[in-house]
2 protein chains.
Amino acid sequence: MKSVSLNDFINRLHIMKKNTVTMNDVAEKTGVSKTTISRIINQIPNAASKDTTEKVLKVIDELGYYPNQVAASLKRTTTRTIGLVMGDIENPFYGLVIKGVEEVVRSSGYSLILANSNYDMAAEIELCMLMLSKQVDAILVAPSGSSSCNQYAAVFERQTHLVFMDNYIPGCNVDAVMVNNFKASKEACNHLISLGHREISFIAGTPKKISSDDRTRGFLSALNEKYGSSVTPVVKNGDYTVAGGYNCMKQLLEMPEIPTAVFIANNLMTVGALGAIKDAGLRIPGDISVLGFDDMNWYSINQPSLTAIDQPAFEIGKTAARRVVMRLSHQKQPAPEIIQLDARLIVRDSTAPPRSHRITPKS
Amino acid sequence: MKSVSLNDFINRLHIMKKNTVTMNDVAEKTGVSKTTISRIINQIPNAASKDTTEKVLKVIDELGYYPNQVAASLKRTTTRTIGLVMGDIENPFYGLVIKGVEEVVRSSGYSLILANSNYDMAAEIELCMLMLSKQVDAILVAPSGSSSCNQYAAVFERQTHLVFMDNYIPGCNVDAVMVNNFKASKEACNHLISLGHREISFIAGTPKKISSDDRTRGFLSALNEKYGSSVTPVVKNGDYTVAGGYNCMKQLLEMPEIPTAVFIANNLMTVGALGAIKDAGLRIPGDISVLGFDDMNWYSINQPSLTAIDQPAFEIGKTAARRVVMRLSHQKQPAPEIIQLDARLIVRDSTAPPRSHRITPKS
DNA sequence: TCATATAATGAAATCGGTTTCGTTAAACGA
DNA sequence: TCGTTTAACGAAACCGATTTCATTATATGA
């Protein structure tokens, strides 16, 4: 019987009307007007005498009053909330970007509304609109693909502050923060070239996505500068997924002449590619060198440790958030720009000079 | 000069007062009252004639009107927003939990406010309060440690719906969703025992955190059931960090008799531990078997592939979110319960029978 | 000393929706 | 045919803050 009455008690607790102490209650109990109370809460200088302030604060404490920010937001026409739309929050790279964003956003006095688009471009826009109707002050988005700019027109019409991260939609003329993909990719490829590789294959990401295409271009550029038309680069499309990486790698390993090195455009595809190499029974870097875009915390403890391009994910998030906060606090708005941070190549053991022995694909 | 005028244009765009089409504008243009328009937007049955509805929708479309949810929330006293407080959004495990939460929350018509506590217990409470003042309808939190329940008192006073994930604060009497840590941990340890191991060490997480202690208890229980007091289990405290895992493992490898197997209480510490083993030049599983809590996508492609306990992180998030949505939609509130999902042991190559050779710690 | 600045305060309007009461007219039931 | 629903609307109150515009008292300056 005891448990029944406990349940009842809990039910009542939950159904009970929410504890709604409003500013009116404080006003009534103190005999001070809402105006003054509001000023005290918002710490307006010279708004209330020491006496009044103390009295009000005491009552606020007694009643357990805390201001309803929804009401405040309505009148202020600003919610001090920023929207964040990501393609895949599960990916540790994006996780770190989010962490960076969150840190800056919160320490600047804003909150974060998060949504996951699952790389669905239509959903992405939809989510932006939803956030706008929730009156976010600005939106940060990691665009999934290359929606043309006019798909974002609906968002622009609302004239919010918009900042892209990790990728951008061309022609949109908004701030974007990302790594210098072309440069990083070229540097990575040059590393392989400097080791003596010629037959380098590239497992690319989502086609037509700017960030992805930049990586491809960087790869091709390095190869072309060194070898011109004497080598025909092999580029496969892995769509940034583990499965995609696995399949691409498998295809590469079925070529008559297996490449001596692979460069893989992101972390998930690298996992897939490593799986395919393992399944094929090949050794890294003895049989094939492997270099991945995105560094992961386990790359250094992998056998062999993996050479990778380290994107400053945390910094990307922080920079983008700072940009947004800047736009929200300054009146003067600098022209939107594409801010490119530098990635850095971390050379480890998975890249080595090309094999001298022949490998024939099985099956 | 061209660029200057462009900048000016952009500046004006941003400074320009926000495009504020309100319901009043729609009312004026259609000659229909706000009341009816509100009803049409909220699709109240039998609220407006076909004619009126069409007319209103047309004007809404023309004006590009979209409702201000802040205003709506104020009157409704519900924001259809749920708060989410995590310890570390960078950790892929939590990333997946968040993803699960987000999916359910959004598909149920709610939005998500996300905050990262960096495992700071005081910040955790602070963030809950912040969210409450933003009038979230409920809060999901992955409690960092074992704050006593009365630290959460401030949150409870507000009578929101609160659901814990991954861990819980004893005595709080709220819903909690997590894995059966004791059972999973015991099963893992039994797996090692069944391979013949006696000298099994455990690298534990944050002490006094329930979820962590449950894992330790599970480990100890298995060991005790098998060997009683004939073995003295070695438990180190790694605090759930990579560095912690590394240090603990290093200490273990400096013991006079190195354990034949280690069981590590989470993914980050496993990375650290693997690093220490690699640095020591030991072979897995030849010299030592390794088993980690939390499965990662790269465990299967690691050399050797890693035996691990796979927590249903996505499911944890979804379950917790569903619980919250349930509480928000039903009047009748079932008693809070601790929902324990089953983790599963995935046996791979990092666990094998104990070595037969002796290893002496160097230095 | 008198005009003026400043501190300290409050009444009432406002933000942009939702909701409560009405009201009217048409449909329905007996 | 007459009372009763039900459909289709609207005026005005309301949600809980902020902000504008006054007002009063006190301090300051010339």
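Reckoned from all heavy atoms, side chains included, excluding hydrogens, waters and symmetry mates. Lettering follows sequence order; numbering is per chain, from 1.
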Between [X] and [N], is there a side-chain N or O to OP1/OP2 distance below 4.0 Å?
X	N	result
B/S49	D/dC9	yes
A/S33	C/dG10	yes
B/Y65	C/dG17	yes
A/N68	D/dC15	no
B/T77	D/dC15	no

Report the distance from atom [atom1] of [X] to atom [atom2] of [N], rounded to the nearest whole Å.
X	N	atom1	atom2	value
A/N46	D/dA25	CG	C1'	15 Å
A/I44	C/dT9	CD1	P	14 Å
B/I40	C/dT18	CD1	P	12 Å
B/I37	D/dC9	CD1	C1'	12 Å
A/Q43	D/dT18	CD	P	12 Å
A/N24	D/dC15	CG	P	9 Å
A/M23	D/dC15	CE	P	15 Å
A/N42	D/dA17	CG	P	11 Å

Quick one: does [X] reach the base of [N] with a side-chain donor-acceptor pair under 3.5 Å?
X	N	answer
A/K34	C/dA11	no
A/K75	D/dT19	no
A/S73	D/dA17	no

Given [options], which nucleotide is nearest the side-chain atoms of [X]?
X	options	answer
B/R39	D/dC9, D/dT19, C/dG16	D/dC9
B/T36	D/dT18, D/dA17, D/dC9	D/dC9
B/T35	D/dT18, D/dA12, C/dG17	D/dA12

B/A47 or B/L74, whichever maps to the more 5' nucleotide of DNA chain D: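 Taking each residue's closest nucleotide, the earlier one in sequence belongs to B/A47.
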Mind checking the CG-CD1 spacing from A/D25 to A/I60? Nearest 0.5 Å is all I need.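 Reported value, rounded in 0.5 Å steps: 11.5 Å.
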Check whether [X] reaches the backbone of [Y] with its side chain - one donor and one acceptor, N or O, closer than 3.5 Å.
X	Y	value
A/T35	A/S33	no
A/E124	A/S144	yes
B/Q135	A/N68	no

Evaluate side chain to side chain contact (heavy atoms under 4.5 Å, CB included) for A/L84 paired with A/M165, printing each intermediate quantity in order. CA-CA 10 Å; A/L84 178 57; A/M165 295 183 301; 3.5 Å; yes
A/E62 and A/K58: CA distance, side-chain angles, deciding distance, salt bridge (Lys or Arg N to Asp or Glu O under 4.0 Å) verdict: CA-CA 6 Å; A/E62 280 171 23; A/K58 190 166 142 255; 3.7 Å; yes
Base, sugar-phosphate alone, or nothing: which one does A/V70 contact when heavy atoms must sit under 4.0 Å apart?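 No contact at all - A/V70 keeps every heavy atom at 4.0 Å or more from the nucleic acid.
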